[in-house]
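Chain letters run A, B, ... following the sequence lines, proteins first, then strands; residues in each count from 1. FYI, side chains are in, hydrogens and waters are out, and symmetry mates aren't considered; it's all heavy atoms of this structure.
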Protein chains: 2
Amino acid sequence: MQIFGHIEGHSEGVEFQNRSEIKSSGLHKYHIAGISRILGVGSDCIILNGGYVDDEDYGDVILYTGEGGRPEGSPRQTFDQPFTKGNLDLSKNKFTGDPIRVIRGPNLREKQYAPKDHYRYDGLYFLEYYWPETGIDGFRIWRYRLVKENSSLPPLRDPNQHPARVSITSHRIQRDPNIPRTLKLKYDFTCQVCGIRLESNDNPYAIGAHIKGLGTPHNGPDSEDNMIILCPNHHYLFDAFAFSMNDDFTLIGMEGVLTKKNNHSINIECVKYHRDLFERANH
Amino acid sequence: MQIFGHIEGHSEGVEFQNRSEIKSSGLHKYHIAGISRILGVGSDCIILNGGYVDDEDYGDVILYTGEGGRPEGSPRQTFDQPFTKGNLDLSKNKFTGDPIRVIRGPNLREKQYAPKDHYRYDGLYFLEYYWPETGIDGFRIWRYRLVKENSSLPPLRDPNQHPARVSITSHRIQRDPNIPRTLKLKYDFTCQVCGIRLESNDNPYAIGAHIKGLGTPHNGPDSEDNMIILCPNHHYLFDAFAFSMNDDFTLIGMEGVLTKKNNHSINIECVKYHRDLFERANH
């Protein structure tokens with residue numbers, strides 16, 4: 001499974017001789033492209049190696065350039081970078097908060113950050129913004145501001161005594177990104193509560209919300225039958241116990257019925273669990 | 001200004017003799033209460049010191065108990081914990097993602113994490129979930145699952161060579177929490193685009209969105225005239241360049257006009273900046 005965050009066995013600072021070694025490590029999916037994608041979900045890793053003249057590397061802050069806009073093999077841009085593929089998937093991290101592994105290569109212009117003759121895994125960054133601008137060749141480029149996870153402080157305790165820590169990716173529990181991706185397609189990104197379908201730049205957006213939370217103490221399963229597709233507004237309201245649902249999917253706390261496709265079965269035990277929390281929160 | 005995240009001059013691991021010293025440091029606002037609040041915005045700090053029997057400390061994961069539900073001075077709970085004050089403000093960190101400073105005290109039951117005879121600042125945690133449950137005395141308690149920021153890895157570079165790092169709080173730019181708080185009250189938490197007002201447990205929720213982004217390269221101001229109040233759905237669409245607005249606040253990319261109160265002036269240069277990005281993104 002392709003995942004976000006650190007990958008066990010490959011600590012920050014680890015070095016690689018070439019792109020093949022990086023691909024084999026699982027840190028980055030491709031041989032050539034800079035942006036490693038979890039298709040339709042986000043980007044798990046980027047490589048910075050001087051390929052785009054507009055890149056700016058300040059160490060803890062990176063202004064990264066999207067891909068495309070130039071014929072294969074050409075260093076010059078001859079058309080607008082599209083908002084598709086890697087550029088689109090990288091943008092999604094702004095809204096999910098998923099961390100991006102950053103690998104620096106030897107051809108980086110900013111020599112103070114460039115490893116010598118090899119590649120180096122430099123840990124996790126978060127995507128703070130993305131935006132379009134006009135590149136030096138006069139065509140649109142997509143730009144991404146990445147900020148390093150705060151790791152300037154030594155660990156409090158010996159991590160070897162706390163193996164639980166290695167399973168924490170940033171501050172989120174590791175979850176399978178394929179589950180919400182598949183379920184969103186089943187609902188064509190429409191909210192199961194209100195039917196709204198958000199779209200920007202021809203790309204739809206929705207959230208796969210766990211009904212019973214993952215991790216201690218809820219220990220809900222990371223599976224499709226413990227997930228519903230919601231717009232951000234109803235995701236907030238669901239997580240804040242403003243509404244819940246009965247076993248027949250009629251809503252409690254608001255009018256209506258949850259829309260449910262036949263090819264999406266929902267675990268009623270998870271529904272009961274959420275409803276119980278809703279009732280305690282509102283009694 | 002009370003802020004989220006690390007406070008300069010007080011590194012993780014720093015020790016304090018008593019609560020007065022902690023209060024003077026600026027890490028925690030109060031002398032007695034466990035939950036330090038940025039009123040109406042979130043919690044910036046909590047103290048764990050064995051005060052609530054339901055607390056569970058696993059080091060990198062904490063199951064924290066909310067406040068109240070018992071008469072002053074009593075260790076036993078005689079009524080439900082309300083979802084107000086510290087309990088309410090701490091819950092907001094789930095939706096904002098703001099980090100919470102954790103301070104452990106000498107009376108912690110879990111002795112392996114307890115400092116001896118003093119208090120210790122243990123760095124930043126994120127609130128992953130909160131939920132109500134029934135405590136051992138039979139009344140409702142609010143519970144908070146906090147997970148430590150991933151700091152198990154050594155820093156890549158000498159932080160002294162990169163002073164920029166100290167101004168990074170987690171992965172977010174430091175911003176004044178009072179600005180969105182005041183502006184939300186002006187709009188009574190209704191979205192300036194669609195007029196929706198989300199509410200859960202009698203508490204309204206909205207997002208203060210910067211029109212021109214903070215930080216490099218946008219360098220928008222952290223001020224009320226660069227902010228609008230949006231519901232989560234329109235916040236997503238605004239940040240994803242699905243719509244923007246003209247100088248007269250009519251919307252572009254969707255029907256309608258931005259609602260604007262007379263006591264809220266908006267910086268038109270910031271509006272132009274966003275509109276320019278919108279046009280590049282959609283041409």
Side-chain angles (χ1 to χ4, degrees), chain A residues 6 11-13 58-61 63 83 94-95 97 122-124 126 128-129 131-134 140 145 147 149-157 159 162 164-166 168-171 173 196 198-201 205 213 215-218 231-233 235-237 239-242 277 280-282, chain B residues 6 11-13 58-61 63 83 94-95 97 122-124 126 128-129 131-134 140 145 147-157 159 162 164-165 168-171 173 196 198-201 205 213 215-218 231-233 235-237 239-242 277 280-282:
Chain A
H6 293 298
S11 300
E12 190 174 331
Y58 301 100
D60 289 350
V61 174
L63 302 185
F83 195 59
K94 170 171 165 49
F95 304 105
D122 281 351
L124 302 180
F126 292 95
E128 205 163 58
Y129 296 118
W131 67 97
E133 60 183 54
T134 301
R140 182 178 68 192
R145 178 183 156 93
V147 179
E149 184 186 43
N150 191 333
S151 64
S152 65
L153 297 160
L156 174 61
R157 291 171 292 275
H162 294 271
R165 179 172 255 164
V166 302
I168 297 170
T169 300
S170 177
H171 58 284
I173 295 165
I196 203 170
L198 301 186
E199 191 177 292
S200 67
N201 301 97
Y205 177 74
T216 314
H218 307 312
C231 69
N233 283 0
H235 181 233
Y236 167 77
L237 293 170
D239 274 10
F241 311 114
L277 295 184
R280 286 169 200 263
N282 291 282
Chain B
H6 293 298
S11 300
E12 189 174 332
Y58 301 101
D60 289 349
V61 174
L63 302 185
F83 195 59
K94 170 171 165 49
F95 304 105
D122 281 350
L124 303 179
F126 292 95
E128 205 164 58
Y129 296 118
W131 68 97
E133 59 183 55
T134 301
R140 181 177 69 193
R145 177 183 156 91
V147 180
K148 192 167 197 310
E149 184 187 42
N150 191 334
S151 64
S152 65
L153 297 161
L156 174 61
R157 289 172 293 274
H162 294 271
R165 179 172 255 162
I168 296 170
T169 299
S170 177
H171 58 284
I173 296 167
I196 204 170
L198 300 186
E199 191 177 292
S200 67
N201 301 98
Y205 177 75
T216 314
H218 307 313
C231 69
N233 283 1
H235 182 233
Y236 167 77
L237 292 169
D239 273 10
F241 310 113
L277 296 183
R280 286 169 200 264
N282 290 283

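- In this structure the side chain of B:Phe241 reaches within 4.5 angstrom of the side chain of A:Pro132, judged on heavy atoms.
- Taken to the nearest 0.5 Å, the CG atom of B:Asn282 stands 10.0 Å off from the CZ atom of A:Phe83.
- Residue B:His218 touches chain A through its side chain alone, counting heavy-atom pairs closer than 4.5 Å.
- With rounding to the nearest 0.5 Å, the separation of OH in B:Tyr236 from NZ in A:Lys94 is 10.5 Å.
- If you take OG on A:Ser200 and CG on B:Leu237, they are separated by 6.5 Å, rounding to the nearest 0.5 Å.
- Looking at A:Leu277, both its backbone and its side chain come within 4.5 Å of chain B, counting heavy atoms on both sides.
- When all heavy atoms of A:Glu199 and B:Ala242 are compared, the closest pair comes out as O-CB, 3.6 Å.
- Taking every heavy atom of both residues into account, A:Arg140 and B:Ala281 meet most closely at NH1-O, 3.1 Å.
- Per-residue heavy-atom pair counts under 4.5 Å with chain A were compared for B:Asn201, B:Asn233, B:Asp239, and the maximum is reached by B:Asn233.
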